[in-house]
Amino acid sequence: MIDLSKYSPNQQDAILTNDKHLRIVACAGSGKTTTVAGKVAYLLDPINGFDVAPENIIAFTYTEKAAAELKNKILNNVGNHRGMANMYIGTIHGWCLKALQENEYEYQSFSVLDEIKLKLFIDKHYDTIGMKEVKKLSNSTVPLRRFIDTSLFVQIMDIIRESDRQELPENLTRAKAQYEKTLKSKKYFDFSMIMEKAMECMEASSNLSARIKSDLKFLIVDEYQDINPIQERLINRIQEVSQCKLVVVGDDDQNIYQWRGSNNRYIIDFESKFDNSATKSIPLSTNYRSSDGITKIAETLISNNQKRIPNKEMKSGGLQNFTKGQDILYNRYDSVTDENEAIANYIDNILGVPFTDDEETRGITFSDISILLRTWSKAETIVEALERHNIPYITAGVNQLFETREIEAALGLFTYLYGDLERSELKELWQKLPNNNIDNDRLEIALNDLDTKFPKLPEVETNWEYSLQNILWDFISLAEIYEDSFIDHTDPDLHKRTKERAEIMFFNLGKFSQVINDFEEINFNSSSPSFHLFSFLSFINYVARDYYPEGWLNNPYTTPNAVQIMTIHQAKGLEFPVVLIPGLNNNYLPSKKRGGLNVWHFLDRELIEEQSRYEGDPDKEDERRLLYVALTRSQKFLLLSQAPDLNNRLYKVESDYIQELTRAKIGSFPILISDHKQDFSSFTKIDQQSKEKVKNIALDFTTLKDIFECPYRFKLISVFGFRYPLNQRMGVGRSFHNCLMELHKRGKEGESMSKEEVNEVVDRQTHFPYLTNSTILKPRLWDKVRKNVTEYYEDTKDDFSHIEFVEQDIQYKVDDSILVLGRIDLIKKVGSDGKYETTIIEFKSDEESADLPITKDQLKLYALGHRELTGEIADYIMTYVIGENKVKTPEKLYESDLNSIESKIRDAVDLIWSERFLRTEEKKTCQECFQVRLCSNRVQHDIKVKR
DNA sequence: CCGAATACGATTTTT
DNA sequence: TCGTATTCGG
């Protein structure tokens, strides 16, 4: 039961109002997530008599990160309420994909292309994908150009599918049709298509419509101010079909994604969507984050905007005190150099200044401070100043991956094979890496091996599996270039420094491995080896260079104590005791519009409703909201600064917004104090302490398996991000899986299938994304799937009436911040006379190992999730190997099995927190390990690599 | 002093 | 390619 007294009256109102559509207008720091989590818990609690189960609620968030946060808060509120895995909390895209794959058999074998893979795909299919159809409006003989204009094509396709618009001209209609057809033929979605298809699916009298009609009672939409037209249409459709209550949460003043077509008019006009009495609007106007000074100055700024909900005003909840002339400052300098130097000095000065938060007083430390930027270009000189002062910092968006020495060396392998680099030059690139301990003889061996891989060699020319990923892995392996080769063990200080550098180096190599993987997923063996190599190098030079960020010092599972440098967009939803906003010049904030060739040279502005959304409004309201978001990140301290940029004549004049901020007053005293150098030396500095930040993590079984078997493998895959080389056989396991899922689902409904119908299932669900046409492998793989699936169906169809769950999502909460997620293939329930037995079944293709103890761990983990779902402990666990069609005997499951797997998970999580990524000592594990080529255990245990 | 011509510099990012 | 700042010319 939730304790209502800890919520404010308006928050309580938001929790208790459940008979109307609800708009919660939540200002910055108003406890929005807490309120939503409280509302969900209240609805679920049987004591309140709503008769609402987890599957009756859907909550949309804007990012996966926000979803994880909300999910955790809800789980902490509801205690051990059962079946929480059935409540969807996630992004709109995620829900659409799940809805399509669960309800339309056709889409089970589809996968989603992210932006970079989409661009690769478009360039590969330039001739047929409709890009040539898109012509310049001013000169209809000029089409979009391959490679150069691919981003524009992506943008145009997004806009015409996501906006509200007029009928398209013929050429664009053709382009759209060709684009969608080409993607579909290769079983790919792009992000917009997921939403479009989900919409279509709900228009028909489909499974999906029936499903939401029977299940859905409450649809919660977070960050509703950032919704774009297609998302609005989708939300409306879901509501119409299900007749659910709609709960939207957001802040019209924090809409900052207008270049994606998002529009705060949807939240402003929410009440006109339904009949007057059907909706209620509740403001959460108390800001529990920031001082009076911060809230007043931000409110003064944003009140200059016209497009916002009338008569609302943010008030401080008084959790922070405001000290006039000290907390909020605005300084002007003669040059950017001076400005940056002052920033570094300010940081040095404020460290240890007492700050009270959650009723505890501690000294300000690095991680309490953030520097917010409008553009990344501002970061470089700031970083230099911080380095001069030895101030630790984190940035997450600088594009310099390809300029690092390790990536130059790795890329050298391919320029060498292409013939643009001498062998001696390549060798030098590797030998000159800092702190390296690479053996000359080993390097020669690796280079000699590389010499057998020139694409022009007769024996290579006909190789259908010319894998660049393999070339990289072989080189690393043969030269014995491992993370430990770069660590100096001679003295502790050197050890620490070289260890950090080695981690960054391998993080970057891991990123590079992902770059190769992105390229090869789309282009795997679709051409001759030499063309494959050529197009990879072109991809690197023309596309990838400004796309992949450089590795950070930290790994994603820990937060170091450092100053955070980020864009205002990235800071959304975060809070810091100290916020610095430098560079407040016109053309920077507010930024000037971008020049150059753009979408509107190809797409008529008239066709798109509210087209100005995409270009930024002339009143600069969008940019004002951005500054508003930046200001409201601060709990107490705020330093604004400005200086003319001597190197750039665009950035010389002070931002117009400064004048607006100057008008902010408390009583008759201005809040913003200009050119008053605050000196914190009069303060009694106290112990610097980082605030404990709860870091939510979700683990799936694949990740846990790595930690169980070899923590170092977890590091290689989940921290560094190395990707395994692709091959033509990939897809067997997933094909089996999808076939069985369809058979089971239809079988569960009582359908009995003929041999022809089973064949149709196989045709629909089997997919080998990397298979070439001209090989004997194709019929072999298809026959294998067909034969085994048919046999499986014949053997087990009589048993299908006992199926209880197919592809059931499960989750298991380890503690307040750790959630384990999974999906059980099949659960059978056999019984009579009120007595029954439950079996959890996991399918493996014969290429996977089914007998290993690790598979039993997987099943035990699923049993934990099954208990969460049903409250019952399953009786048996069983693995079914499809390839051999050999039924394994079910094994009895005991309660002690659940306890042992639970403590095993806890141990694994401890290893992650403490960063003890040790290599396994089991030789057998290494022999089975796919990543052994990247690990020094290969040498230690003398393992022969089989490929 | 003002309009026209010319020189210069050039986002934000999630799914 | 286009928006903005600066310079040029009357």
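Here is how names work: the chains are called A, B, and so on, in the same order as the sequence lines, proteins then strands, and each is numbered from 1.
Under the 3.5 Å distance criterion, the side-chain polar atoms of A:N304 are matched with a main-chain donor or acceptor of A:L301.
Taking atom CG of residue A:D158 and atom C1' of nucleotide B:dT15, one finds them 10 Å apart after rounding to whole Å. In this entry the distance linking CZ of A:F191 with P of B:dT15 reads 8 Å, nearest Å. Taking atom CD1 of residue A:I568 and atom P of nucleotide B:dT14, one finds them 15 Å apart after rounding to whole Å. Between the OH atom of A:Y588 and the P atom of C:dA5 there is a distance of 17 Å, rounded to whole Å. Note: CG (A:D645) to P (C:dT4) measures 18 Å, nearest angstrom. Rounding to whole angstrom units, CD of residue A:E64 and C1' of B:dT15 are separated by 8 Å. Distance A:L152 CG to C:dT1 C1': 11 Å, rounded to the nearest Å. Straight-line distance from the CG atom of A:L97 to the C1' atom of B:dT14: 15 Å, rounded to whole Å.
In this structure, A:N586 reaches neither bases nor backbone, as no heavy-atom distance under 4.0 Å exists between it and the strands shown. Using a 4.0 Å heavy-atom distance criterion, A:K572 is classed as making no nucleic acid contact.
Between A:W259 and A:Y257, the ring center distance clears the sub-6.0 Å criterion. In this structure, A:Y107 has its ring center closer than 6.0 angstrom to the ring center of A:F189.
Taking the P atom of each, C:dC2 and B:dT13 are spaced 25 Å apart, rounded to whole Å.
Ion pairing between a basic and an acidic side chain is recognised when a charged N comes within 4.0 Å of a carboxylate O; A:K136 and A:D149 show no such pairing.
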- [ ] Check step by step if salt bridge (charged side-chain N to carboxylate O under 4.0 Å, His left out) holds for A:K176 and A:E196.
- [x] CA-CA 13 Å; A:K176 178 174 178 287; A:E196 270 196 319; 3.7 Å; yes

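Within 6.0 Å of the NZ atom in A:K186, the count of heavy atoms belonging to other residues, nucleotides or ligands does not exceed 12. For NZ of A:K187, the number of neighbouring non-hydrogen atoms (other residues, nucleotides, ligands) closer than 6.0 Å is greater than 12.
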For nucleotides 8-13 of chain B, 5' to 3', base contacts (B), sugar-phosphate-only contacts (S) and non-contacts (-) with protein non-hydrogen atoms under 4.0 Å give BBBBBB

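Heavy-atom nearest nucleotides on DNA chain C were determined for A:N587 and for A:N598, and the one closer to the 5' end corresponds to A:N598.
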